[in-house]
Amino acid sequence: MASQRQIHVGGVPIGGGAPVAVQTMTKTETADLQATMAQIRRVAEAGADIVRCAVPRDEDVEALKTIVRESPIPIIADIHFNYTLALKAIDAGAHCIRLNPGNIGGPDKVALVAEKARAAGVPIRIGVNSGSLPRHLHALERENSVEALVAAAVEFVELMESLDFTDFKVSIKSTNVPNTIASNRLLSERIPYPLHLGITEAGTKWSGSLKSSVGLGTLLADGIGDTIRISLSTFHAEEEVKVAWEILKALQLRDRGPVLIACPTCGRLQFDMDTVVAEIERRLEAYADPIEVAVLGCAVNGIGEASHADFGITGAKNEGLIFSRGRALRKVPQEQLVDTLFAEIDKYVKAGKRVAVDAGEAAKGAAWLEAIEAENAGEMTPERLAAAEKAAAAAEAAAEARLDETVSPTAGRRFTRS
Ligand code: SF4
């Protein structure tokens with residue numbers, strides 16, 4: 001169930017219908033001001049809405065004062081064990097405090113932090129991890145780890161409510177993807193507060209991205225989750241941000257920058273698509289508009305399912321075609337495909353998102369494409385198979401609809417089936 005409450009971290013609304021916010025965490029020593037600020041600027045540029053910094057020592061609190069002043073995005077201070085650091089981080093101007101009420105020294109220490117946070121108007125993120133549940137829940141954890149995680153989170157929520165503090169969001173995280181999904185689903189039914197989603201210690205860029213996509217994607221598709229963080233074992237926190245955005249874009253929850261679509265390639269491939277796709281992806285990072293760009297490994301199918309793309313390329317016989325929204329734009333030698341594609345995209349952006357068509361070049365490109373399609377008319381490609389299956393399913397559905405007495409029109413009917 002989607003959250004009903006909304007909080008604000010700096011100027012960023014979280015929960016209660018706000019767009020899902022992208023978070024990450026700096027991996028520098030927070031006290032190393034120069035390195036930390038450089039990383040914060042990189043993650044902000046990559047699209048982070050909020051960033052968390054670890055605050056394990058007084059030196060980090062000192063640095064935090066400058067960081068919150070200079071950061072282009074709100075800062076969450078990550079506190080473990082030492083409640084006095086939470087109090088100091090609030091004084092330093094942190095936009096939010098992340099703590100685990102179970103390891104901060106008891107309810108009276110939590111009360112002190114809540115009191116100061118309330119006075120400063122600073123929200124708190126309550127974090128519960130599968131590795132650090134309170135001792136009285138260990139037996140339940142062995143029996144039903146999902147119930148134990150949710151019980152811990154609900155206990156902490158009740159503690160905060162008893163302190164008359166409701167300006168918080170909650171995260172329950174586990175390294176186990178099914179447990180993360182099940183526990184967040186259950187928790188979303190039990191509390192109205194915003195939820196932060198993440199898979200703890202997800203792994204390397206490859207496996208961690210996949211685990212996070214499965215776990216967070218499943219929850220987000222159900223409308224659960226208000227902020228996300230992808231935890232990857234890389235120093236480059238901006239990579240976490242890029243993965244988070246790809247998940248949100250794939251679910252069409254938020255838009256940011258271009259969308260690249262590419263065929264998976266097969267034995268009909270006509271150019272070095274691996275290199276070309278990687279280069280296009282890299283060059284597209286410089287564009288802010290949500291332009292959709294398609295890369296097809298051969299022109300056997302024509303433009304096919306990429307006909308909706310703003311721009312695309314395909315190739316055959318040492319030549320290639322630039323196309324736009326289902327129409328040929330121009331034919332070029334294959335080695336010029338990428339540069340010409342970007343020249344067309346630049347013209348489009350400059351013209352206020354209008355595609356410039358040179359009629360002569362477009363006609364030459366269309367004729368070239370027609371010839372390739374005609375030459376390969378009998379080929380059963382993956383795309384043609386999919387199109388044939390789709391057409392067959394549509395025909396079957398139409399036939400069923402025609403035979404359905406309850407939905408077919410009856411006006412003027414002379415006989416009724418018994
Ligand atoms: S047939 Fe389809 S999958 Fe194979 S190279 Fe051509 S466009 Fe790509």
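Residue indices begin at 1 and follow the sequence shown. All figures in this text were calculated on a predicted structure; none of them were measured in a lab. Order of appearance sets the numbers: ligands from 1, and atoms from 1 within every ligand.
Looking at every heavy atom in both residues, I79 comes nearest to A89 through CD1-CB, 4.3 Å.
Side-chain atoms of E240 and T24 include a donor-acceptor pair closer than 3.5 Å. Side-chain N/O atoms of T36 and T28 include a donor and acceptor closer than 3.5 Å.
For D255, the CG atom counts as loosely surrounded, since its 6.0 Å shell holds 12 or fewer non-hydrogen atoms of other residues, nucleotides or ligands. Atom NZ of K27 has more than 12 neighbouring heavy atoms from other residues, nucleotides or ligands inside a 6.0 Å radius. Applying the 6.0 Å contact sphere to CZ of R327 captures no more than 12 heavy atoms from other residues, nucleotides or ligands.
Around atom 6 (Fe) of ligand 1, the protein contributes the following N, O or S atoms under 2.8 Å, ordered by chain and number: C298 SG.
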